[in-house]
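What follows is a single structure, written as C-alpha cells, with notes after it.
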Amino acid sequence: MATSMSFFLLLSLLAFAPLCLCNYYQEGYLYPQFYDYSCPQAQHIVKSILATYVEQQPRLAASILRLHFHDCFVKGCDASLLLDSSESIISEKGSNPNRNSARGFEVIDAIKAALERECPSTVSCADILTLAARDSVVLSGGPSWKVPLGRRDSRDASISGSNNNIPAPNNTFQTILTKFQLHGLHLVDLVALSGGHTIGNARCTTFRQRLYSQNSGHGKPDSTLDQYYAAALRNRCPRSGGDQNLFFLDYATPYKFDNTYFKNLLAYKGLLSSDQILLTTQESAALVQSYAENNDIFFEQFAKSMIKMGNISPLTNSRGEIRENCRQINA
C-alpha cells in the first residue's frame, strides 16, 4: 500500500513539475515570467498600445499575426522580418511573400519606443512581436495563452529564406505540410494555424488562378470553389488588373476570431487555394470538421500551436541582441 501511495505521489509531482519549473530561470529556455522583475509592465504596454491601433484599424490585428508567422518561418522567431535594408542587410520586407502586403510595422515601432522609455534595452523586438500576435488574437475575440518569453533579436535577415520557407497561397498540400514539418510543426498545427485566416484580407493576385483556372486554360473557376462565391469574387477580381484589390479571408465574420473559417471550407468557400486544400486528406479534413463543429476545440489547439510556433529556433542567452530600434541592428 505504501509503495502504491509513493507511486501515485510521484505521478502527481511529475504532473505539476512543468508548472513549478516555469517560475525559475532555466538557461536557454523561454518562460512567461521572463520580464516580471526587469520590466513588469511590459505585457500591459504591448497590449494597451496595440489595442489603440486595432480600435482605429481592425485589420491590423491580422497584419500583426501574419508578421509573427512570416518572421518565425524564416530563421526562427528572431524579429529578422522587422529589419530594414542597410549596407549589410537585405530586408525580408522585399521578399515575394511580404512585398506590398506585410504591414503593421509602425505598431511594433510604437510599442518598442514605449518599452525603451519604461525599461531601456530590456524587451526584445522578437518578444514584442510574439506578444502582439497573441494580443491581436485576443482583441479579435480569440483565445489567450501564456507566451514563453526571453527571445533575443537577430543581427541579420534572410530574403532567400523568406522567399523559400514561407508557405505560398498556391503551394500544394504536401509542400505546405513539408514546410511546417521542417520547423517541427505537424498536421494538427498546420490546420489549426491556418485558422488564423478567420481574420484578415488577401489580394486578388493571390487567388486569381482559382477564378479563371489559368493553369488549365479552360477559364472556368476551380472545381473546389463554390460557383456562386466564385462569381461574386470575379466582380472585383478580373482576369487582368485589380491585383491589389482586397478580399476578406473569412467573408462571414471578417473581424471576429472564430471557427467560421472552417465552416467556410466545408462549404467550399475558402478564398485561397492553400485554405481549401486542407480538405485534401482524410486526416486534415477530419480536423477541419472538428474545428468547424466545436469552437472551443479550435481555440485550444490554436493556442497550443501558436506557443509551439513561437518557440521555433529562438535566440537566447548571449546570442543575438536586444535591439534599441526594431528596424536596425545596434551600432
Side-chain angles (χ1 to χ4, degrees), residues 53-54 56-70 93 95-105 107 133 136-137 139-142 166-173 176 190-216 219-280 288 291-292 298 302:
Y53 277 90
V54 171
Q56 297 171 352
Q57 298 183 61
R59 181 187 166 203
L60 278 170
S63 299
I64 297 297
L65 181 59
R66 185 171 184 262
L67 287 184
H68 179 49
F69 180 87
H70 282 207
K93 297 174 184 179
S95 69
N96 292 328
N98 296 324
R99 188 172 56 251
N100 299 324
S101 63
R103 59 195 299 275
F105 299 105
V107 181
S136 292
V137 171
L139 290 169
S140 302
I166 297 173
N170 59 351
N171 279 162
T172 65
F173 176 82
I176 294 174
L190 164 57
V191 178
L193 291 175
S194 293
H197 283 178
T198 182
I199 55 175
N201 299 263
R203 296 172 296 155
C204 166
T205 187
T206 62
F207 62 88
R208 175 182 282 122
Q209 79 282 0
R210 299 196 70 207
L211 302 180
Y212 304 99
S213 295
Q214 292 168 332
N215 293 335
S216 63
K220 296 180 180 179
D222 187 334
S223 61
T224 64
L225 183 64
D226 177 87
Q227 301 306 292
Y228 294 103
Y229 183 46
L233 294 172
R234 282 186 173 204
N235 288 332
R236 292 186 51 246
C237 186
R239 191 182 296 270
S240 62
D243 288 3
Q244 304 305 314
N245 290 350
L246 293 175
F247 295 77
F248 293 126
L249 287 161
D250 170 4
Y251 73 93
T253 57
Y255 295 112
K256 183 180 180 183
F257 197 100
D258 58 20
N259 65 339
T260 304
Y261 163 83
F262 295 104
K263 296 177 182 178
N264 293 340
L265 298 187
L266 294 176
Y268 298 99
K269 294 181 180 180
L271 184 62
L272 304 178
S273 173
S274 56
D275 293 324
Q276 199 61 53
I277 60 174
L278 294 181
L279 297 182
T280 297
V288 170
Y291 298 153
F298 164 49
F302 184 83

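- Under the 3.5 Å distance criterion, the side-chain polar atoms of Asn259 are matched with a main-chain donor or acceptor of Ala292.
- For the atom pair CD1 of Ile277 and OG1 of Thr224, the computed distance is 9.5 Å after rounding to the nearest 0.5 Å.
- Within the model, atoms CG of Leu233 and CG of Leu211 stand 5.5 Å from one another, a figure rounded to the nearest 0.5 Å.
- Taking 4.5 Å as the limit, every side-chain heavy atom of Pro97 sits out of range of all side-chain heavy atoms of Phe69.
- Judged by distance alone, with hydrogens and angles left aside, the side-chain atoms of Gln244 form no donor-acceptor pair with the main-chain N or O of Gly242 at under 3.5 Å.
- Leu265 approaches Gly270 most closely through the heavy-atom pair CD2-CA, 3.6 Å.
- Judged by distance alone, the side chain of Arg59 and the main-chain N or O of Asn201 form no donor-acceptor pair under 3.5 Å.
- Arg208 approaches Pro238 most closely through the heavy-atom pair NE-O, 2.8 Å.
- Nearest heavy atoms, Gly104 versus Leu60: CA-CD2, 3.9 Å.
- Heavy-atom neighbours of Phe247 CZ from other residues, nucleotides or ligands within 6.0 Å: above the threshold of 12.
- Within the 3.5 Å criterion, the main-chain N or O of Leu272 finds a donor-acceptor partner in the side chain of Asp275.
- Taken to the nearest 0.5 Å, the OH atom of Tyr268 stands 9.5 Å off from the OG atom of Ser223.
- Taking the ring centre of Tyr251 as origin, the terminal cationic atom of Lys269 falls outside the region bounded by 6.0 Å and 45° from the ring axis.
- Between Ala61 and Val54, the closest heavy-atom pair is N-CG2, 4.1 Å.
- Side-chain contact check for Tyr255 versus Ile199: every heavy-atom pair is 4.5 Å or farther apart.
- To the nearest 0.5 Å, the span separating CG on Asp250 from CG on Asn264 amounts to 5.0 Å.
- A 4.5 Å side-chain heavy-atom check between Ser101 and Arg66 finds at least one atom pair inside the cut-off.
- Using a 4.5 Å heavy-atom cutoff, the side chains of Leu266 and Leu279 are in contact.
- Between the side chain of Thr198 and the main chain of Gly195, no donor-acceptor pair closer than 3.5 Å is present.
- Close placement of the Phe257 and Phe298 rings is indicated, their centers lying within 6.0 Å of each other.
- Side-chain contact between Ile64 and Tyr53 is absent, with no heavy atoms from C-beta onward closer than 4.5 Å.
- Across all their heavy atoms, Leu271 and Phe248 have their closest contact at CD2-O, 3.6 Å.
- Side-chain polar atoms of Ser273 and Arg210 form no donor-acceptor pair below 3.5 angstrom.
- Side-chain contact between Val288 and Val191 is present, with at least one heavy-atom pair separated by less than 4.5 Å.
- Taken from OG in Ser140 to CG in Leu65, the straight-line distance is 8.5 Å, to the nearest 0.5 Å.
- With contacts defined as side-chain heavy-atom distances shorter than 4.5 Å, the pair Arg234/Tyr212 qualifies.
- Annotation: side chain of Leu246 is in contact with side chain of Arg203 (closest heavy-atom distance under 4.5 Å).
- Considering all non-hydrogen atoms of both residues, Phe207 and Ala202 come closest at CE2-O, 4.2 Å.
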